[in-house]
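What follows is a set of notes on a single structure, which appears directly below.
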Amino acid sequence: IVLIIVFSGMLSPKTPLSYYKMTESFDHSGDDIKNFPGKTPDECAAECNKDQNCRAFNFHRFDPNAGCWLKNKNALSGGGPAPWNFYTKK
């Protein structure tokens, strides 16, 4: 007798966002590549992954229409407390 048990979610692929570390309430000003209004954090991560110069992105926490700004640097400098979350590639 062969018994196969499948656990929900154990074999599911990682999302693009799972490869990023989030710094809450931080705006990395400057170093912009491109803006994607109306995107979710996961969609922003996917856009960043498509661009070889993208190292990070900002995402507005309270205004979903603001979307994200892709960044060509991932340093936690040049910014400060803000209504943005800053995502850097792990």
Might you work through the side-chain contact (heavy atoms from CB on, under 4.5 Å) test for Met22 and Thr88, ending with a clear yes or no?
CA-CA 7 Å; Met22 181 188 73; Thr88 55; over 6 Å; no
Is there a side-chain contact (heavy atoms from CB on, under 4.5 Å) between Asn49 and Tyr20? Walk through the geometry before answering.
CA-CA 10 Å; Asn49 290 341; Tyr20 288 78; 2.7 Å; yes
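Using a 4.0 Å cut-off between a side-chain N of Lys or Arg and a carboxylate O of Asp or Glu, Asp32 and Lys71 qualify as a salt bridge.
Lys39 meets the side-chain contact (heavy atoms from CB on, under 4.5 Å) test with Phe36, Glu43, Cys44, Glu47; sequence neighbours excluded. For Tyr87, the ring pair (Phe, Tyr, Trp, His ring centres under 6.0 Å) partners are Phe57, not counting sequence neighbours.
The heavy-atom pair separating Pro16 from Ala46 by the smallest distance is CB-N, 3.8 Å. Among all heavy-atom pairs drawn from Asn35 and Ala66, the shortest one is ND2-O, 3.6 Å. What you find for Ser18 and Lys90 is that their closest heavy atoms are O-NZ, 3.1 Å. Smallest separation of non-hydrogen atoms from Leu70 and Cys54: CB-SG, 3.9 Å. Contact between Arg55 and Cys48 at its shortest, heavy atoms only, is N-SG, 4.1 Å.
Under the 4.5 Å side-chain criterion, counting only non-hydrogen atoms from C-beta, Trp84 is not in contact with Cys68. Under the 4.5 Å side-chain criterion, counting only non-hydrogen atoms from C-beta, Leu17 is not in contact with Phe59. By the 4.5 Å heavy-atom criterion applied to side chains, Lys89 and Lys21 are not counted as neighbours.
Remark: side-chain polar atoms of Asn72 are not paired, donor with acceptor, to backbone N or O of Asn53 under 3.5 angstrom. A donor-acceptor pair under 3.5 Å links the side-chain atoms of Asn85 to the main chain of Ser25, judged by distance alone.
Ring pair His28/Phe26 is tilted by interplanar angle, where 30° to 60° counts as tilted.
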